[in-house]
There are 2 protein chains.
Amino acid sequence: MVRSGKPTIADVASLAGVSVSAVSKVVNGKSGISSSTRERVLAAAAKLRWTPSATAVALRAAKTRAVGMVLRRETNLLSTDPHFTLLIDGIERELAPRGYGLLLHIVGEEQLAEETAYRRLAEEGRVDGVLLTESRVGDTRFALLRDLGLPAVLVGTPWEDDPIPAVRAPHSDCGIHQAVEHLLRYGHRRIGYISGPEDRVHTHHRIRAVEEVLEEHGLGTAPSVTSGDFSPDGAVDAVREMLAHLRPTAILFANDSMAVAGLSTARRLGVEVPRDLSIIGHDDLPMSELVYPRLTTVRQDLVGLGRAAARVLLAALGEVDDGHVQVNPPELVIRESTGPAR
Amino acid sequence: MVRSGKPTIADVASLAGVSVSAVSKVVNGKSGISSSTRERVLAAAAKLRWTPSATAVALRAAKTRAVGMVLRRETNLLSTDPHFTLLIDGIERELAPRGYGLLLHIVGEEQLAEETAYRRLAEEGRVDGVLLTESRVGDTRFALLRDLGLPAVLVGTPWEDDPIPAVRAPHSDCGIHQAVEHLLRYGHRRIGYISGPEDRVHTHHRIRAVEEVLEEHGLGTAPSVTSGDFSPDGAVDAVREMLAHLRPTAILFANDSMAVAGLSTARRLGVEVPRDLSIIGHDDLPMSELVYPRLTTVRQDLVGLGRAAARVLLAALGEVDDGHVQVNPPELVIRESTGPAR
DNA sequence: GTGAAAGCGCTAACAA
DNA sequence: TTGTTAGCGCTTTCAC
């Protein structure tokens, strides 16, 4: 006779000839079970291919063993930039081995859609916590999540010391410091920085990091910053503008896509890289090795950051004791797009 | 007095002064409820910010309102290639409005890890169905999923007419046809094709598509195919090899990353694109507009495919009636990397 | 039009 | 060591 539907704990119990609680204890590794019982239960469970229903366990425990992540697709950032894929890869490496799932939501650019997504996640109780990225100036998500009572961990630097748990790389400015020093060593003096969107917290940190090194070397003046919006199109305009006025001998970009766009723009204007202009990207995404010339860039350990964030969240959920994962500090990867100042 | 924890249907019921079943009927839009009751329930629910618990509903209905997707991270394909991000973007556009979640798993390259992921999804009952991509030669996933009784929809072409429900673009070969014809029109005769991995079903389809056009024009001979593995490194070697032997005047690539790598390799060898060599990519990912010269490429409606697949799955789950979503046919986007044969 | 109660699959408290 | 049972939050008969 064929049983329809999935087997339940009761099926396993009756096949093993024991009570349901015995089965429960066995699969949960509780004590107070004779080894003969244990074996019969295990055999029955294997035979039936039974695994405890995640939903039933979730209802019972009031925990879903899933974490959420909501991503905003702004100016196609999501698809231009494998940034998120790497982060998610890292996150999964911590979640998967512990049987946690990742519930992903991609929402439009409207603020409301994002808020709704978080609200639903919380109110429907679909996840035990969430992971946030792209820390924003005046970020309202932290407050919302606290309000919703949903544990959250941010990848990045919180806005204005908001007490949200956050992970970031050690010596987080040091990659940029290295980048600027690398340029300085090559004799560059007019250095441009094409930043990310102004509503990102890291944008301001990075600008500050560039300035620090410059000041340290007595190049008191602020670097000429033309704010990009992380989109390659914006970068193209910013580069044209910058080349026409500041006439820099080197430009740093806030991400690799913009740097690649910068590379092409230079080429298009007859500016040769690195002979006439040095270019440095940020993140060290796979594309930086694909282009010509290969991009010098500030490597970020995105996979490590993802892992660390997941780990901290898991710790907050009482799943692991030690929320610590090693994250590599950012470092400059020198390739072909930088050279001596003319 | 502050209630701790999330409100339940009972809280709403008592606040509204009705029974729990009345609340249930209201939120589920069932008939047999007076409008006064309805209003009081709605008011109470709003006041308590109550939404039915997804887990409880799932247990009750034996449906989770979530679909799964497991991705293999092979040769860094995942992060090199925003392909998946676009697909997921499309998927979410169908799932989100219906309150469905997307449970994502990224697994290592081992076959076992992938199988385990599907098994868990099914046996733990975490999802109602799954979405598959990257159809493989001799794909074992379809059989596994049937075995597990988990509804599945494939984005792409099934291996050997496997009866798994699948979505693909209309006139799916027509983009490649256009590409080859475009090259022919420019006078190219020695055309190379750098394919994807041989274990992908589409690899063979696309090779066939290229050959068809060539034969049609009396260029009986098969195009010289050097099998890439979708990785840019592989592409670099393939291009070198091809340039040294076949000496093509044009090369088609199975994805944009490889094409971009091809662009750089050519440049590095002193081969100018498109003067000495025309290059065509595949997918039209954002990066194709970033590089110099801008990449001529076969655009695929990845977002549309994601939507369509999600839609078909939703229909299979009885969630929507009509599983139909319009997917744009692939088309050649002509940019700067192609030109007349020398 | 409304409410009481059974039960979805599981775990844990309690009894035996 | 083992089994019985209440109850997690919800939907759905079935009486009223």
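In what follows, every chain begins at residue 1, and chains take the letters A, B, ... in the order their sequences are listed. Just the heavy atoms: all of them, side chains too, but no hydrogens, waters or symmetry mates, feed the values below. Quantities reported herein were computed from a predicted structural model and do not represent experimental measurements.
Side-chain N/O atoms of A:Y100 and A:E94 include no donor and acceptor closer than 3.5 Å. In the model, A:S34 has a side-chain atom that pairs as donor or acceptor with a side-chain atom of A:T37 under 3.5 Å.
If you take CD1 on A:I106 and CG on B:L102, they are separated by 8.0 Å, rounding to the nearest 0.5 Å.
Interface remark: the B:K25 side chain does form a donor-acceptor pair with the C:dG3 base, using a distance-only criterion of under 3.5 Å. In the interface, the side chain of B:S21 is not paired with the base of C:dA5 through any donor and acceptor atom under 3.5 Å apart.
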Distance-only donor-acceptor pairs under 3.5 Å for side chains of residues 121-129 of chain A, two or more places apart:
| from | atom 1 | to | atom 2 | distance (Å) |
| --- | --- | --- | --- | --- |
| A:E123 | OE1 | B:T51 | OG1 | 3.4 |
| A:E124 | OE1 | A:R126 | NE | 3.3 |
| A:R126 | NH1 | B:R65 | O | 3.4 |
| A:R126 | NH2 | B:T64 | O | 3.4 |
| A:R126 | NH2 | B:R65 | O | 2.9 |
| A:R126 | NH2 | B:G99 | O | 3.2 |
| A:D128 | OD1 | A:T64 | N | 2.7 |
| A:D128 | OD1 | A:T64 | OG1 | 3.0 |
| A:D128 | OD2 | A:T64 | N | 3.2 |
| A:D128 | OD2 | A:R65 | N | 2.8 |

Exercise answer: donor-acceptor pairs, residues 145-154 of chain A side-chain atoms, under 3.5 Å, sequence neighbours excluded:
| from | atom 1 | to | atom 2 | distance (Å) |
| --- | --- | --- | --- | --- |
| A:R146 | NH1 | A:D162 | OD1 | 3.1 |
| A:R146 | NH2 | A:D162 | OD2 | 3.1 |

Return all side-chain donor-acceptor pairs below 3.5 angstrom for residues 109-118 of chain B, not counting sequence neighbours, or 'none' if the list is empty.
| from | atom 1 | to | atom 2 | distance (Å) |
| --- | --- | --- | --- | --- |
| B:E109 | OE2 | B:T75 | N | 3.1 |
| B:Q111 | NE2 | B:T140 | OG1 | 3.3 |
| B:E114 | OE1 | B:R72 | NH1 | 3.0 |
| B:E114 | OE1 | B:R136 | NH2 | 2.6 |
| B:E114 | OE2 | B:R136 | NH2 | 3.0 |
| B:E115 | OE2 | B:R119 | NE | 3.4 |
| B:E115 | OE2 | B:R119 | NH2 | 3.3 |
| B:T116 | OG1 | B:L112 | O | 2.7 |

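B:K30 comes within contact range of the sugar-phosphate backbone alone, with a heavy-atom separation under 4.0 Å but no base atom that close.
Proximity of residues 32-40 of chain A to DNA chain D (heavy atom under 4.0 angstrom from any strand atom) is restricted to A:G32, A:I33, A:S34, A:T37.
Comparing A:V27 and B:A22 against DNA chain C, the residue whose closest nucleotide sits nearer the 5' end is B:A22.
Counting heavy atoms from C-beta outward, A:F142 and A:S135 have side chains that approach closer than 4.5 Å.
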Give each protein N/O atom lying under 3.5 Å from an N/O atom of nucleotides 8-10 of chain D, with the pair distance.
| from | atom 1 | to | atom 2 | distance (Å) |
| --- | --- | --- | --- | --- |
| D:dC10 | OP1 | B:W50 | NE1 | 2.9 |
| D:dC10 | OP1 | B:S53 | N | 3.1 |
| D:dC10 | OP2 | B:I9 | N | 2.2 |

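Residues passing the side chain to side chain donor-acceptor pair (under 3.5 Å) test with B:D89 are A:R73, B:R93, sequence neighbours excluded.
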